[in-house]
Amino acid sequence: MAAAWIAVLLGLSVAAGLGLLVLYALGGQVQLEGALLMVLLGGIGLSLVLWGKFLFPPERATEDRDVLLASPEDLRGVEGALKRGERLGRRLFLVRLLYAAAGALGLALAFPVRSLGPGPGRALFRTAWSAGARLVDETGAPVRVDSLRVGGVVTVFPEGHLGSGDSQAILVRVSEAALRLPPERADWAPAGNVCYSKLCTHAGCPVGLYVSDTQQLQCPCHQSAFLVTEGARPVFGPAPRPLPQLPLSVDEEGFLRARGDFSEPVGPGFWNREAGP
């Protein structure tokens, strides 16, 4: 009788697990999903309780082991039980049902992972900037090498990606004599036009304030300040790293173009925590 109840409970669990998958694939309904999950988990739990209570020996005893001699009657009884296979077959059937219920539970738990959407891959490590992309302002107008006077500043995007959040950059024009960029970036700022990511390296806020007297870009969220003339290194506030710089060039018509993507991934430094705070 206990074996029959166990089979029924495990069968209900399997059916509930499959029903949960179908319901989720059709769009889901929270109350029904909860009810099916209750049947799935409850069926497995109750079946295990009954299994442990009725299908296992009620007690365990130990004693010194002696040589066991079986009588012919005992041997014939064991042989008959093996031939009939009733109890062994029943146990095997229940074990298979238990595996099926566990598999249904695993599928029911794994299937909602689809709701998380596709993995980001390398998308967080690159932006829409690429070699040859022309700089445009917030109206979509291309920016020339002489569009800004010294001390001027403008928000720019790669042409064709106006408004892209991770690609927004801030272009500042400073005196070429004041620039103290790393040697490998010496030609990244034609005519003093230097461009940095607009996303603060502390918490990703937009760095939109430029103080020309001190040549600093400032973040209004936590007051981090970056020295424009020295590769946007942080000189105040909690920002731990410089703003990534965009390498620039000038085409034959005098328009500013990117020579590639930013020098580093933009925003907070999730990607190099081992390198520092």
Side-chain angles (χ1 to χ4, degrees), residues 116-131 133 135 137-138 143 148 150-158 161-190 192-249 256 258-277:
L116 300 177
R122 300 289 298 175
L124 298 177
F125 292 83
R126 59 177 182 267
T127 69
W129 290 102
S130 60
L135 278 65
D137 62 20
E138 293 175 292
V143 179
L148 296 178
V150 173
V153 60
V154 65
T155 296
V156 294
F157 298 90
H161 298 275
L162 192 65
S164 176
D166 62 349
S167 302
Q168 58 183 314
I170 188 161
L171 177 69
V172 183
R173 188 172 184 183
V174 299
S175 168
E176 292 186 78
L179 284 173
R180 297 291 185 271
L181 297 176
E184 65 274 13
R185 302 185 191 180
D187 58 348
W188 284 21
N193 288 281
V194 61
C195 191
Y196 299 104
S197 169
K198 201 172 180 179
L199 299 183
C200 182
T201 55
H202 172 233
C205 297
V207 180
L209 303 177
Y210 177 62
V211 182
S212 59
D213 291 343
T214 59
Q215 297 179 320
Q216 292 179 4
L217 288 169
Q218 296 184 350
C219 175
C221 291
H222 305 98
Q223 289 72 56
S224 292
F226 305 87
L227 189 57
V228 170
T229 56
E230 297 184 13
R233 67 176 179 86
V235 293
F236 185 80
R241 282 169 291 278
L243 296 173
Q245 185 176 353
L246 186 71
L248 301 180
S249 63
L256 289 173
R259 297 169 57 183
D261 206 346
F262 290 107
S263 56
E264 293 178 334
V266 300
F270 69 93
W271 45 273
N272 66 347
R273 290 192 182 277
E274 296 181 357

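Note: hydrogens, waters and symmetry copies are ignored here, and every other heavy atom, side chains too, is used. Start at 1 with the first residue, then count along the sequence.
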Checklist line | Closest approach of Leu227 to Gln216 (non-hydrogen atoms, all atoms of both residues) | finding: CD1-CG, 4.2 Å
Notebook entry, point to check: Does the side chain of Asp166 pick up a donor-acceptor pair with the side chain of Thr127 at under 3.5 Å?
Noted result: no
Check: Does the side chain of Pro220 reach to within under 4.5 Å of the side chain of Leu209, using non-hydrogen atoms?
Finding: yes
Check: Do Lys198 and Leu243 have side-chain heavy atoms sitting under 4.5 Å apart?
Finding: no
Margin query: Looking at every heavy atom in both Leu171 and Cys195, which two are closest together, and how far apart are they?
Written below: CD1-CB, 3.9 Å
Next item on the list: Write down the atom of Tyr196, the atom of Phe262, and the distance for their closest heavy-atom approach.
Entry: C-CE2, 3.9 Å
Margin query: Looking at every non-hydrogen atom in both residues, tell me the closest pair between Val228 and Val174 and how far apart they are.
Written below: CG1-CG1, 4.1 Å
Checklist line | Check: Leu248 and Leu246 side chains under 4.5 Å, non-hydrogen atoms | finding: yes
Next item on the list: Show your working on side-chain contact (heavy atoms from CB on, under 4.5 Å) between Val207 and Gln218 and close with a plain yes or no.
Entry: CA-CA 6 Å; Val207 180; Gln218 296 184 350; 5.8 Å; no
Next item on the list: Examine distances only and state if a side-chain atom of Ser224 and a backbone atom of Ala239 form a donor-acceptor pair shorter than 3.5 Å.
Entry: yes
Notebook entry, point to check: What residue pairs, at least two apart or across chains, pass side-chain hydrogen bond (donor to acceptor under 3.5 Å, both in side chains) with a residue in residues 176-186?
Noted result: Arg185-Gln245
Check: Taking C-beta and beyond as the side chain, do Leu256 and Pro190 meet within less than 4.5 Å on heavy atoms?
Finding: yes
Next item on the list: For residues Val153 and Ile170, determine if any side-chain heavy atom of one lies less than 4.5 Å from a side-chain heavy atom of the other.
Entry: yes
Note to self: Let's go through Ser263 and Trp188 carefully: what are the C-alpha distance in whole Å and the side-chain angles of both, what is the deciding distance for side-chain contact (heavy atoms from CB on, under 4.5 Å) to 0.1 Å, and is it a yes or a no?
What the structure shows: CA-CA 11 Å; Ser263 56; Trp188 284 21; 3.9 Å; yes
Next item on the list: Can you sort out the partners of Gln223 under side-chain hydrogen bond (donor to acceptor under 3.5 Å, both in side chains), two or more places apart, ordered by chain and number?
Entry: none
Margin query: Taking the side chain as everything from C-beta on, heavy atoms only, tell me whether Asp137 gets closer than 4.5 Å to Thr155.
Written below: no
Next item on the list: Over all heavy atoms of both residues, which pair between Val150 and Ser175 is shortest? Give the atoms and the distance, please.
Entry: CG1-N, 3.9 Å
Notebook entry, point to check: Between Cys221 and Cys200, is any pair of side-chain heavy atoms under 4.5 Å apart?
Noted result: no
Notebook entry, point to check: Roughly how far, to the nearest 0.5 Å, is the CZ atom of Phe157 from the OG atom of Ser167?
Noted result: 8.5 Å
Next item on the list: Using the ring-ring contact (aromatic ring centres under 6.0 Å, His included) rule, collect all pairs that involve residues 210-245, keeping only residues at least two apart or in two chains.
Entry: His202-His222
Note to self: With a 3.5 Å distance limit and no angle check, can you tell me whether Arg173 reaches the backbone of Leu148 through a side-chain donor-acceptor pair?
What the structure shows: yes
Check: What closest approach, in Å, do Pro244 and Val266 show between heavy atoms, and which atom pair accounts for it?
Finding: CG-CA, 4.1 Å
Notebook entry, point to check: Does the side chain of Gln168 come within less than 4.5 Å of Leu199's, by heavy atoms?
Noted result: yes
